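Working notes for the structure below.
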Protein chains: 2
Amino acid sequence: MLTYDMEQRGSKPLYEYLYICIREDILKGFLKPGEKLPSKREMSKNLNIALITVENAYAQLIIEGYVTAREKRGYFVNAVTTGTGTEIQGAKRGIQSGDKNKAKKAAEAAWVVDFSSLELKEDAFPFKTWAKLMRRILEERQEAFLQKPEGRGVPELRRAVAEYLRKAKGLNVTADRIVVGPGTEYLHHLILQLLGPGKIVAVEDPGYKKVGMIYESNGVKCLHVPVDENGLIVEKLKKSNAGLVHVSPSHHFPTGCVMPIGRRKALLEWAENENAFILEDDYDSEFRFDGRPVPALASLDDEKVIYLNTFTKTLAPSIRIAYMVLPETLNRRYDEKLSFYSGAVPSFEQYTLAAFIGEGYYERHVSRMRNYYRTQRARILQAFWDSKLSAFADVEEHAAGLHFILKLHTNNDEEVLKTLSRKRIRLTPVSDYCYNDREKYNHSFLVYYTDQNTEKIRWAFDLIAESIKK
Amino acid sequence: MLTYDMEQRGSKPLYEYLYICIREDILKGFLKPGEKLPSKREMSKNLNIALITVENAYAQLIIEGYVTAREKRGYFVNAVTTGTGTEIQGAKRGIQSGDKNKAKKAAEAAWVVDFSSLELKEDAFPFKTWAKLMRRILEERQEAFLQKPEGRGVPELRRAVAEYLRKAKGLNVTADRIVVGPGTEYLHHLILQLLGPGKIVAVEDPGYKKVGMIYESNGVKCLHVPVDENGLIVEKLKKSNAGLVHVSPSHHFPTGCVMPIGRRKALLEWAENENAFILEDDYDSEFRFDGRPVPALASLDDEKVIYLNTFTKTLAPSIRIAYMVLPETLNRRYDEKLSFYSGAVPSFEQYTLAAFIGEGYYERHVSRMRNYYRTQRARILQAFWDSKLSAFADVEEHAAGLHFILKLHTNNDEEVLKTLSRKRIRLTPVSDYCYNDREKYNHSFLVYYTDQNTEKIRWAFDLIAESIKK
């Protein structure tokens, strides 16, 4: 057990001394990359110091990139050297000069190539514009700070969203059918209250697992409906008694398929016959790289379809603003039953976003990001074709979204993943998003359009090929 | 039906022309204060223009104070003149020079004295400090914009809150037991998921009605437990099978009573015996005007009590940040079952608030607001003693909170309210917050510490006295 003599701290605060001790041990290599630190509780017991002291020390180590916290697993030492030792200097400088980039790099060094998710780069967010608008709102809309935000969201934002939906998605929507919330998760909570108790909710399998988790966490029974190459299999919905089905017809997650018009009609017919609602999650429809955008399901029928989208994907993960467009019946039910809720998104953010959309910045930003991802995608596809992997795998993709599916010609996914993990390459299997029938998606993996450099990506693809050949 | 010739609009956009027409009719007195405008739908049908056009025109009229939207009731013309006609000028100037205060005044003119709630004045919010911190965070924490906020809230904010709770409330709390959310309503949703299905929730009667509404809206059975002068009657909880009871022991809403230590112990004992939890809503405990602050119930037992508080009351209604402190058992359950949720408060707001608390601004602000409300309270109490009403009513209050209870010596509440409404004085009966047994609280009304001038308040009190004498 890691032990330090806290009496040696001199005039330093306890937490700072503990932080320095651990940092020195990491820099000197006494604590190795990947090594797990004692839990905060163990550490506090062992050193006989307050939990908050350990907490503050660990927090400092995390912020500076020496340590990574993994949910439910604990605290792990990061690799702060990459052979040459220059990163040690970097990390040290990081502390003294507040150079966060270096520290951040150290934190990310845990994975050499991470295909499993996307981290936005700082230049991906229009800070200057956002900051300019924020300052303006801060000056112009002081009175809004002192008012309770409307439950549905401030009218300016709802009007801007309605206008955007008309222009960009051809959805004929008025602001009074829109409800804004702090993320889609929150809106799911409202939807289940609109449905009322005892309803069954159908979700896609494979799919965006969190949706099912939210409904189940609220005591709602979930039906996991299989997906084929045209999206959710409507036949399987019949006799299900589901009152709501969650789908992503423009771009299914994670397979990427688009629901064709025939299947869409069948789904709408089902909803009509069963008196059920369809929740259309249009989460990344902004990112389609060729052809025309796929029209929203909601444009075919606004009586049966709840349209759901978020600004988190297109703007930044810390911007917690999502919205839904309610069919008239549910919209009236919202007014009757849920209008007692206060708005949960700060007015300040809402006005800033309203201005950002209304003044055309949003469309420009989305278009810039679309180009960015288009380029990343082309680069990664090229790296794939240039690599040895192209002989041992297929790419499945639909020129949309932020990842494609890599189908490996292997029968041993376990072995591949083990090799990759040893080489610190991260790849998520599609089966991780399955509820039933995981085998159906064996050998399929998600490849996000990472901004890692092309050489490293090719190296990773080559390594995957090697692990298959073995 | 209000009709305008839209062909006369010249080069103006439709919505602007409609807005001008209605504005002129209000200013000329063709539309009278209190008159209801046609619904947006009727107006759009009648004039054969798009709903959004009417929507935008009405929105402009509301922003400028000509019209007030009342939930579920419609749109009503405000009084923009108060006899002398100068307000018309004011309102007109309002439009041309963007002088929002004038327009706001016009909007508020609907009530001469409004005792039913509080509107914060602009100087009540520390804009300068907040703006300074926002700008700093915007520069220093750009990387935070691009990261998904932790489900529980950013560690900096949770640490700042823990530190504040230790210093200001004597609660021995660590940051890892805190969960931050966008308002208490959101946290109630998490709590009901922590409790699991089938639980009964007990709430105070009278009480803060929204709490029961939230649980009932989620299909949870609510038990409305009567309150006496010592708070919730614990006897009535027995054999209730409630798994959770919501109380405000530091300052019951709306009666203002404080739960004495004997009742607190009885409540804790009940929770212990029934294996239930107590949800302590400490919503306005910052505003106690003499004596020492009442210790939180959670300081007696942190295994049975969930502590809940918000920054909305002390800072501003548009700041949607609340937090709860979970007992160990529920905290573990949160980690196991609810950590899949993303944070719903923008990181940017969280860092700003963390700095605001951590750098001592919050305590100073609360202390300033406490002094402000103390002064308002003294002023209104004085106005009461100086008025004729002091012979016809009693004041019940506990030197805390933002309102007191006025007990009228009358047997005809209806008659009093009718007279007041005619004179445009607004007063809310305590029975509005009752579920059962409304008669018990007859003749009792809430008087918030409004910032209306003393003369008007005395005039209102005199009027109430007159209406009783009749």
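In the text below, chain A, chain B and the rest are named by the order of the sequence lines, each starting its count at 1. All figures in this text were calculated on a predicted structure; none of them were measured in a lab.
- Across all non-hydrogen atoms, the minimal contact from Glu55(B) to Arg159(A) is O-NH1, 4.4 Å.
- Glu163(A) meets the side chain to side chain contact (heavy atoms under 4.5 Å, CB included) test with Arg166(A), Lys167(A); sequence neighbours excluded.
- No more than 12 heavy atoms of other residues, nucleotides or ligands shown are found within 6.0 angstrom of CG on Asn172(A).
- Ranked by heavy-atom pairs under 4.5 Å with chain B, the first of Gly219(A), Ala322(A), Gly196(A), Ser217(A) is Ser217(A).
- Under the 6.0 Å cut-off for aromatic ring centres, Tyr341(A) and His188(B) do not qualify, their centroids lying 6.0 Å or more apart.
- A donor-acceptor pair under 3.5 Å is absent between the side-chain atoms of Lys148(A) and the main chain of Ser318(B), judged by distance alone.
- Neither the backbone nor the side chain of Lys209(B) has a heavy atom closer than 4.5 Å to any heavy atom of chain A.
- Residue-environment remark: NZ (Lys40(A)) exceeds the threshold of 12 foreign heavy atoms within 6.0 Å.
- Residue Glu336(B) touches chain A through its backbone alone, counting heavy-atom pairs closer than 4.5 Å.
- Using a 4.5 Å heavy-atom cut-off against chain B, the contacting residues of residues 173-181 of chain A are Thr174(A), Ala175(A), Asp176(A).
- With sequence neighbours left out, Arg333(B) forms a side chain to side chain contact (heavy atoms under 4.5 Å, CB included) with Leu194(B), Leu330(B), Lys337(B).
- Using a 4.5 Å cut-off between heavy atoms, Glu185(A) contacts chain B through its side chain alone, with no backbone atom that close.
- Aromatic ring orientation, His189(A) versus Tyr186(B): perpendicular (interplanar angle above 60°, classes split at 30° and 60°).
- At a 4.5 Å heavy-atom cutoff, Ala162(B) makes no contact with chain A through either its backbone or its side chain.
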Could you tabulate the donor-acceptor pairs under 3.5 Å formed by side-chain atoms of residues 343-350 of chain B, not counting sequence neighbours?
{"unit_1": "Gln350(B)", "atom_1": "OE1", "unit_2": "Val154(B)", "atom_2": "N", "d": "2.7"}
{"unit_1": "Gln350(B)", "atom_1": "NE2", "unit_2": "Val345(B)", "atom_2": "O", "d": "2.9"}

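- Counting heavy-atom pairs under 4.5 Å between each of Thr312(B), Leu192(B), Asn56(B) and chain A puts Asn56(B) at the top.
- Ranked by heavy-atom pairs under 4.5 Å with chain B, the first of Pro197(A), Pro149(A), Gly198(A) is Pro149(A).
- The two residues Pro182(B) and Pro182(A) have their closest heavy-atom pair at CG-CG, 4.0 Å.
- If you measure heavy-atom distances from Arg41(A) to chain B, the contacts under 4.5 Å come from the side chain alone.
- Between Lys210(A) and Phe340(B), the shortest heavy-atom contact is CE-O, 2.7 Å.
- Chosen from Ile319(A), Leu138(A), Leu315(A), the residue pairing most often with chain B at heavy-atom distances under 4.5 Å is Leu138(A).
- Neither the backbone nor the side chain of Ile321(A) has a heavy atom closer than 4.5 Å to any heavy atom of chain B.
- Minimum interatomic distance between Leu146(B) and Pro317(A) (heavy atoms only, all atoms of both residues): O-CG, 3.3 Å.
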